[in-house]
Protein chains: 2
Amino acid sequence: MVFDKDDSAGYLANHMARLFAAALTRRIAPLGLMPGQFMVLLELWREDGLTQRDLVERLDVEQATMANTLNRMERDGLIMREPDAADRRARRVRLTARARALEAPATEAATEVNARALARLSPGDRARFPEMLQAVIAALRADR
Amino acid sequence: MVFDKDDSAGYLANHMARLFAAALTRRIAPLGLMPGQFMVLLELWREDGLTQRDLVERLDVEQATMANTLNRMERDGLIMREPDAADRRARRVRLTARARALEAPATEAATEVNARALARLSPGDRARFPEMLQAVIAALRADR
DNA sequence: CCATATTGCATAGCAGGCTATCCATATAAG
DNA sequence: CTTATATGGATAGCCTGCTATGCAATATGG
């Protein structure tokens with residue numbers, strides 16, 4: 001009874017995620033972006049002015065992780081944090097003009113990575129792959 | 001034309017990998033193991049006495065990443081590094097008795113994580129899921 | 001044989017995950 | 001109102017990725 005890592009969903013998930021991150025990094029680094037920043041931008045392009053708490057919920061990362069990522073994004077001129085009118089604990093995260101300008105090229109890069117990644121799947125599999133990932137994610141979240 | 005992260009294979013891959021890592025961590029931390037150490041042990045249980053270079057090739061991580069992981073494993077009493085008889089640059093990585101004793105409980109934990117993760121897939125999908133991940137991995141490696 | 005290139009490994013420094021704490025502010029209970 | 005609890009965020013410290021360097025030892029070409 002050997003445990004074969006190449007048949008282990010968990011091991012393959014880690015390997016696949018590292019390769020996705022590397023592929024995305026290669027394409028968005030020229031824009032001055034990193035993958036962790038990109039996923040925050042995805043939410044802010046959809047709705048600007050979210051709080052850190054909103055972002056934590058939508059991206060399912062820990063609050064401390066988000067705080068650090070936002071620090072780097074502020075440092076890099078992608079966001080500004082403004083006081084919330086009603087709650088002095090909260091800070092609204094707002095996109096800079098620079099971050100707004102990156103939406104088209106960055107999402108194009110991500111779309112291309114996804115296309116290349118799924119290129120070897122049959123059209124049927126390709127369509128169902130995201131649903132399968134979602135099902136696994138749902139199962140693991142339930143386990144938590 | 002919005003980019004929906006919940007349909008993006010790359011975003012889902014990252015999310016899934018984080019959840020897998022968390023699920024595995026919960027089960028192997030009581031054994032004194034972390035996920036990065038577990039994948040090294042998988043190779044050493046199969047063949048003890050590999051060099052760092054061997055491990056880098058088999059696990060597809062960078063040499064610096066492996067050097068740091070091996071440092072932590074040595075610190076934690078999981079491995080010892082012995083000089084290579086023929087090449088004074090290389091060091092053979094050898095399991096301690098403690099690491100050998102962890103094979104059964106750790107692989108059981110990983111097997112259970114995989115089973116839970118795939119529980120919501122149909123039996124057919126469940127069988128094909130690892131192959132699909134392998135196909136995506138192959139495509140991304142070719143893109144690299 | 002000697003100079004050069006290659007290889008095996010270590011280290012520094014960064015990103016992005018995490019847990020554990022702490023602080024300030026809001027909210028709820030009495 | 002006052003106290004207690006809950007919430008939003010910051011910070012410290014760890015693990016696991018990465019790139020970039022540097023060093024010592026081996027292999028290779030003349």
Side-chain angles (χ1 to χ4, degrees), chain A residues 10-11 13-26 28-29 32-41 50-57 59-76 78-79 81-93 144, chain B residues 10-11 13-26 28-29 32-41 50-57 59-76 78-79 81-93 144:
Chain A
Y11 175 83
N14 170 279
H15 195 182
M16 180 172 72
R18 286 190 286 115
L19 291 168
F20 263 114
L24 185 61
T25 297
R26 253 188 307 119
I28 64 174
L33 282 185
M34 298 288 281
Q37 306 180 337
F38 176 65
M39 78 180 194
V40 172
L41 291 179
L50 296 173
T51 64
Q52 188 182 112
R53 176 93 191 102
D54 294 330
L55 290 166
V56 161
E57 278 167 8
L59 296 174
D60 197 22
V61 297
E62 291 302 318
Q63 172 265 322
T65 298
M66 185 55 62
N68 285 324
T69 295
L70 292 176
N71 280 342
R72 287 186 291 268
M73 293 178 76
E74 191 167 36
R75 177 201 65 191
D76 296 347
L78 293 165
I79 58 159
R81 281 138 143 173
E82 300 176 353
D84 184 279
D87 187 338
R88 287 192 317 191
R89 293 169 305 181
R91 309 172 69 183
R92 295 278 157 192
V93 179
R144 165 161 76 166
Chain B
Y11 176 82
N14 170 280
H15 195 181
M16 179 173 73
R18 287 189 286 116
L19 291 168
F20 263 114
L24 185 61
T25 297
R26 254 189 306 118
I28 65 175
L33 282 184
M34 298 290 281
Q37 307 180 337
F38 175 66
M39 79 179 192
V40 172
L41 291 178
L50 297 173
T51 64
Q52 188 181 111
R53 176 91 191 103
D54 295 330
L55 290 165
V56 161
E57 279 167 8
L59 296 174
D60 197 22
V61 297
E62 291 302 316
Q63 173 264 323
T65 299
M66 184 55 62
N68 285 324
T69 296
L70 291 176
N71 279 341
R72 287 187 291 268
M73 293 178 76
E74 191 166 35
R75 176 202 65 191
D76 295 348
L78 293 165
I79 58 159
R81 281 139 144 173
E82 300 176 353
D84 183 280
D87 186 338
R88 287 189 317 189
R89 293 169 304 182
R91 309 173 69 182
R92 296 277 157 191
V93 179
R144 170 160 76 168

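In what follows, chains are A, B, ... by sequence order, proteins preceding strands, each numbered from 1.
B:Thr51 comes within contact range of the sugar-phosphate backbone alone, with a heavy-atom separation under 4.0 Å but no base atom that close. Residue-level contact check: B:Arg72 touches the bases, meaning some heavy atom is under 4.0 Å from a base atom. In this structure, A:Ala67 reaches the bases: a heavy-atom distance under 4.0 Å links it to at least one base atom across the strands shown. As judged by a 4.0 angstrom heavy-atom cut-off over every strand, A:Arg26 is placed among residues making no nucleic acid contact. Using a 4.0 Å heavy-atom cutoff across all strands shown, B:Met39 reaches sugar-phosphate atoms only and no base atom. Contact annotation for A:Arg75: backbone-only contact, meaning every heavy-atom pair under 4.0 Å involves sugar-phosphate atoms and none involves a base.
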Can you check each nucleotide of nucleotides 20-28 of chain C against protein heavy atoms at under 4.0 Å and return B for base, S for sugar-phosphate only, - for none, in 5' to 3' order? B---BBS--
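For A:Arg18 and D:dC18, the shortest distance from a side-chain N or O to OP1 or OP2 is below 4.0 Å. Side-chain nitrogen and oxygen atoms of B:Gln52 include at least one within less than 4.0 Å of the OP1 or OP2 phosphate oxygen of C:dA10. Residue B:Thr65 places none of its side-chain N or O atoms closer than 4.0 Å to OP1 or OP2 of D:dT16. A close approach under 4.0 Å does occur between a side-chain nitrogen or oxygen of B:Asn14 and OP1 or OP2 of C:dG17. Not one side-chain nitrogen or oxygen of B:Arg53 sits closer than 4.0 Å to the OP1 or OP2 atom of C:dC9.
Of all nucleotides listed (C:dT11, D:dC18, C:dG16), C:dT11 comes nearest to the side chain of B:Asn71.
With sequence neighbours left out, A:Glu82 forms a side chain to side chain donor-acceptor pair (under 3.5 Å) with A:Arg94.
The backbone N or O of B:Thr51 sits less than 3.5 Å from a side-chain atom of B:Asp54, completing a donor-acceptor pair. Not one N or O on the side chain of B:Asn14 forms a donor-acceptor pair closer than 3.5 Å with the backbone of B:Gly10.
Pairs of residues two or more places apart, or lying in two chains, that qualify as salt bridge (charged side-chain N to carboxylate O under 4.0 Å, His left out) and include a residue from residues 16-26 of chain A are A:Arg26-B:Asp143.
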For salt bridge (charged side-chain N to carboxylate O under 4.0 Å, His left out), just list the numbers for B:Arg53 and B:Asp87, CA-CA rounded to whole Å, side-chain angles, deciding distance to a tenth of an Å, and then say yes or no. CA-CA 13 Å; B:Arg53 176 91 191 103; B:Asp87 186 338; over 6 Å; no
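Of the residues near DNA chain D, A:Ala22 and A:Asn68, the one whose nearest nucleotide (by heavy atom distance) lies more toward the 5' end is A:Asn68.
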